[in-house]
Amino acid sequence: MRAPQTLHTRRWERIALAALILLLAGLPLAVWLDMQNIAAARLRSQAGDLNSMISSIRGYYGSAVVGRILENHGKDTQVIHNYETVAGAIPIPATLSLELGRVIADKQSNVSYRFVSDYPFRGRAPHVLDSFEQQSLASLRAHPEQPPLILAGTSGTASQVRLIAPVLMSAACVACHNSHPDSPKKDWKIGDVRGLQEIEIHDEVGTSLWSFKYSLAYFLLAAATGLGFILLQRRQNALIRGMNADLADANDFLASVSMKISHYLSPQIYKNIFSGEMEVALRTQRKKLTIFFSDIKDFTALTESLQPEALTELVNDYFTAMSAIAIRHGGTIDKFIGDALLIFFGDPDTRGSTDDARNCLRMAVEMQHALAELNVRWRKRGLEAPLRVRMGINTGYCNVGNFGSSDRMDYTILGAEANLAARLQAIAPAGGIVVSYETYALVRDIVAGHALAPVHMKGIAREVAPYAIDGLLDQDGRAMQVFSEHGAGHDVFLDVGRIDAAAARSLRGVLHQAISALERKV
């Protein structure tokens, strides 16, 4: 589960980083485009203003200078296009426009002014018009009242604007051109488009961009800070992922270890220790418990008749089945002592002394039933003599908790009542269950049993009144009869309460045959 989540997180981190890098990279481009728009708008404004200024200069020159001289019939002053060759002469407006273009080009490196016409005076070089100028001249002659034509463009880091406005013939211009001997056209009328007045302005975007040096420095600093923050976050995330991976490995290791440890502890003890409910310290408490002790009859002889491998398999099979039954009934498995089994009820969880005793007794009965089924299975594997187990149960107060040292502890019980359970087991018949009076008093309403002769047991000061358990009571209060007899050549275990009618009919026939055979034997 962790690996897909980690991959998902890393994928989103890469997407976020890529998006931020694109945004940061797009910032200079956005500023660049803004600068181009600003430059183009400024150039258009400058071109319009310059065109208006030059038109005003030409108009003023034509009316206030040339017009007044012509009104005075040119006395002592000539208005000619080649004014430089005649002393005291002044240029006509067209010549003035041409001269203005030269002067502006000399003074302004980024501004050029041009006056062009397809009707130059004789003696002047013809004007070469490009396609934009030709199209503009044709358009303006068709519609002289339209606003100036503008062509804007960019080349590399430079922006440029070309503005073309018509040069309209005024009265003074018409009179001059129609009468001048060098004029190529003699039928000019007022308002005709004589030619084009063109203003071209260049601007380096880098120059405009440098005007925003503080803003750009701020943006670059912010971008560097953001990128540094992202790299720092990625480094921290990598460290956190590494730590999480280490923690995950440690958790997996601890889970593996705890799972292994769980096989050495009773489930209740394991749960309370790892949940923190139980403190791991040398501490005990006194509680009323019901203690169960069992032992396999003639186990020493069995060890001599079986190979170690077969004996190990049999014992493990036996303890596995008994442990599962104990856990199902809520018993705390204390320990395995050779072939003996010690279980107690009432700690760490308890349902009360009565229920603890009843659960313990039901467990013991179920164990005897399970043992009969195990014997059938073991017999098929070649075990000649069936296993028979004696069981003893006692209820009383014991010390329960952690015993041992700070280096090695054992959660177990200690006290005379635990010893009594072992003594009761010793006097139980093979395959039988013997309980103390204290236990019998708590379970008498669910079992059938009979009292045995009172006995004095080693280590027990008082006289003990044991009871042998015949079986559990059914819903009608009758004892569920269980017949058990084992010996050389026979192994009988009959639980009448668990046999249905069909099985009873079949089993009765087998028993009749067995009885007949036994009668012939005797």
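Here the structure is a predicted model, which is why all the values come from computation and not from measurement.
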**Q** What are the two closest non-hydrogen atoms of Cys398 and Glu417, and how far apart are they?
**A** SG-CB, 3.6 Å

**Q** Taking the side chain as everything from C-beta on, heavy atoms only, tell me whether His456 gets closer than 4.5 Å to Val464.
**A**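 No, every pair of side-chain atoms sits at 4.5 Å or beyond.
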
**Q** Looking at Ser436, Cys360, Ser353, which hits side-chain contact (heavy atoms from CB on, under 4.5 Å) with Thr290?
**A** Cys360

**Q** Counting heavy atoms not belonging to Tyr437, are there more than 12 under 6.0 Å from its OH?
**A**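 Not more than 12 within 6.0 Å, no.
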
**Q** For Thr395 and Lys288: C-alpha separation, side-chain torsions, deciding distance, then whether side chain to side chain donor-acceptor pair (under 3.5 Å) applies.
**A** CA-CA 7 Å; Thr395 301; Lys288 189 174 185 179; over 6 Å; no

**Q** Throw together a table of side-chain donor-acceptor distances under 3.5 angstrom for residues 325-333, partners on residues two or more places apart or in other chains.
**A**
residue, atom, partner, partner atom, Å
Arg328, NH2, Glu366, OE2, 2.4
His329, NE2, Glu366, OE1, 2.6
Thr332, OG1, Asp347, O, 2.6

**Q** For Arg377, is there an ion pair with Asp317 - N to carboxylate O distance below 4.0 angstrom?
**A** yes

**Q** Say you draw a straight line from CG of Asn419 to CG of Leu424; how long is it, rounded to the nearest 0.5 Å?
**A**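 If I round to the nearest 0.5 Å, the distance is 11.0 Å.
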
**Q** Nearest 0.5 Å, what's the CZ-CG distance between Phe299 and Asp295?
**A**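 It comes to 9.0 Å.
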
**Q** I'd like to know if the side chain of Gln368 and the backbone of Val389 have a donor-acceptor N/O pair within less than 3.5 Å.
**A**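 At least one qualifying donor-acceptor pair exists.
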
**Q** Can you tell if the side chain of Arg362 reaches within under 4.5 Å of the side chain of Ile446, non-hydrogen atoms only?
**A** yes

**Q** Are there over 12 heavy-atom neighbours, none belonging to Arg351, within less than 6.0 Å of that residue's CZ?
**A** no

**Q** CG of Leu472 to CZ of Arg358: how many Å apart, nearest 0.5 Å?
**A**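 CZ of Arg358 is found 11.5 Å from CG of Leu472.
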
**Q** How close do Pro348 and Lys287 get, heavy atom to heavy atom, and via which atoms?
**A**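 Between these two residues, the closest heavy atoms are O-NZ, 4.1 Å.
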
**Q** Show me the side-chain donor-acceptor pairs of residues 399-408 shorter than 3.5 Å, one per line, residues at least two apart or across chains.
**A**
residue, atom, partner, partner atom, Å
Asn402, ND2, Ala281, O, 2.9
Ser405, OG, Asp407, N, 3.3
Ser405, OG, Arg408, N, 3.2

**Q** I need the full list of ring-ring contact (aromatic ring centres under 6.0 Å, His included) pairs touching residues 336-360, with sequence neighbours left out, sorted by first then second residue.
**A** Phe319-Phe336

**Q** Check Leu342 against Ile291 and note the closest heavy-atom contact, atom names and distance.
**A**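 For Leu342 versus Ile291, the nearest heavy atoms are CD1-CG2, 3.5 Å.
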
**Q** Would you say Thr320's side chain and Asn316's backbone share a donor-acceptor pair under 3.5 angstrom?
**A** yes

**Q** Would you mind listing every salt bridge (charged side-chain N to carboxylate O under 4.0 Å, His left out) that reaches into residues 427-440, with sequence neighbours excluded?
**A** Glu438-Arg462

**Q** Do Leu151 and Val161 have side chains that get closer than 4.5 Å, going by heavy atoms?
**A**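 Heavy-atom side-chain distance check fails, nothing below 4.5 Å.
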
**Q** Going by heavy atoms in the side chains, are Leu163 and Leu149 under 4.5 Å from each other?
**A**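 In short, these two side chains do not touch, never coming nearer than 4.5 Å.
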
**Q** Please name the pair of heavy atoms, one in Tyr440 and one in Gly449, separated by the smallest distance, quoted to 0.1 Å.
**A**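 So the minimum-distance heavy-atom pair works out to OH-O, 3.8 Å.
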
**Q** Taking C-beta and beyond as the side chain, do Leu374 and Met322 meet within less than 4.5 Å on heavy atoms?
**A** yes

**Q** Please confirm whether the backbone N or O of Ile343 pairs with a side-chain atom of Asp334, one donor and one acceptor, at under 3.5 Å?
**A**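 Checked: no pair found.
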
**Q** With a cut-off of 6.0 Å (strictly less than), are more than 12 heavy atoms of other residues, nucleotides or ligands near OH of Tyr397?
**A** no

**Q** Report the residues that fulfil ring pair (Phe, Tyr, Trp, His ring centres under 6.0 Å) with Tyr318, sequence neighbours left out, ordered by chain and then residue number.
**A**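 If we apply the ring pair (Phe, Tyr, Trp, His ring centres under 6.0 Å) test to Tyr318, skipping adjacent residues, there are no hits.
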
**Q** Could you walk me through whether Gln425 and Val434 satisfy the side-chain contact (heavy atoms from CB on, under 4.5 Å) test, starting with their C-alpha distance in whole Å, then the side-chain angles of each, then the deciding distance to 0.1 Å, before giving a yes or no?
**A** CA-CA 7 Å; Gln425 170 274 138; Val434 173; over 6 Å; no

**Q** Which heavy-atom pair separates Ile460 from Ala416 by the least distance, and what is that distance?
**A**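 It is CD1-O, 3.8 Å.
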
**Q** For the CZ atom of Arg390 and the CZ atom of Phe293, what is their distance to the nearest 0.5 Å?
**A** 10.5 Å

**Q** Apply the side-chain contact (heavy atoms from CB on, under 4.5 Å) test between Pro466 and each candidate in Ile427, Val435, Leu420, Asn394; give the one that qualifies.
**A**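 Of the listed residues Ile427, Val435, Leu420, Asn394, the side-chain contact (heavy atoms from CB on, under 4.5 Å) partner of Pro466 is Ile427.
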
**Q** Less than 3.5 Å apart, which donor and acceptor atoms pair up between the side chains of residues 301-312 and the rest of the protein, not counting sequence neighbours?
**A**
residue, atom, partner, partner atom, Å
Thr303, OG1, Thr300, O, 2.5
Ser305, OG, Leu302, O, 2.9
Thr312, OG1, Pro308, O, 2.8

**Q** When you measure from the side chain of Gln236 to the backbone of Gln233, do you find a donor-acceptor pair of N or O atoms at a distance under 3.5 Å?
**A**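 No; zero donor-acceptor contacts below 3.5 Å.
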
**Q** Between Leu314 and Trp378, does a side-chain contact (heavy atoms from CB on, under 4.5 Å) hold up when you go through it step by step?
**A** CA-CA 8 Å; Leu314 183 145; Trp378 291 333; 4.2 Å; yes

**Q** If you measure from CG on Asp339 to CD1 on Ile296, what distance do you get to the nearest 0.5 Å?
**A** 4.5 Å

**Q** Testing the basics here: between Leu289 and Gly346, what is the closest heavy-atom pair and its distance to 0.1 Å?
**A** CD2-C, 3.7 Å

**Q** Evaluate whether atom CZ of Arg235 has more than 12 neighbouring non-hydrogen atoms of other residues, nucleotides or ligands under 6.0 angstrom away.
**A**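 Counting other residues, nucleotides and ligands, CZ of Arg235 stays at 12 neighbours or fewer.
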
**Q** Taking only Lys NZ, Arg NE, NH1 and NH2, and the carboxylate oxygens of Asp or Glu, determine whether Asp130 and Arg162 approach each other closer than 4.0 Å.
**A**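 Counted as a salt bridge, because a side-chain N and a carboxylate O are separated by less than 4.0 Å.
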
**Q** Calculate, to the nearest 0.5 Å, the distance between atoms CD1 and CD1 belonging to Ile199 and Ile201 respectively.
**A**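 These two atoms lie 6.5 Å from each other.
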
**Q** Measuring only between side-chain heavy atoms, which start at C-beta, is Val376 closer than 4.5 Å to Pro386?
**A** no

**Q** Could you check whether any side-chain heavy atom of Met391 comes within less than 4.5 Å of a side-chain heavy atom of Phe292, counting everything from C-beta outward?
**A** yes

**Q** Any chance you could lay out the side chain to side chain donor-acceptor pair (under 3.5 Å) test for Thr350 and Asp356, step after step, and finish with the verdict?
**A** CA-CA 7 Å; Thr350 181; Asp356 290 341; 2.5 Å; yes

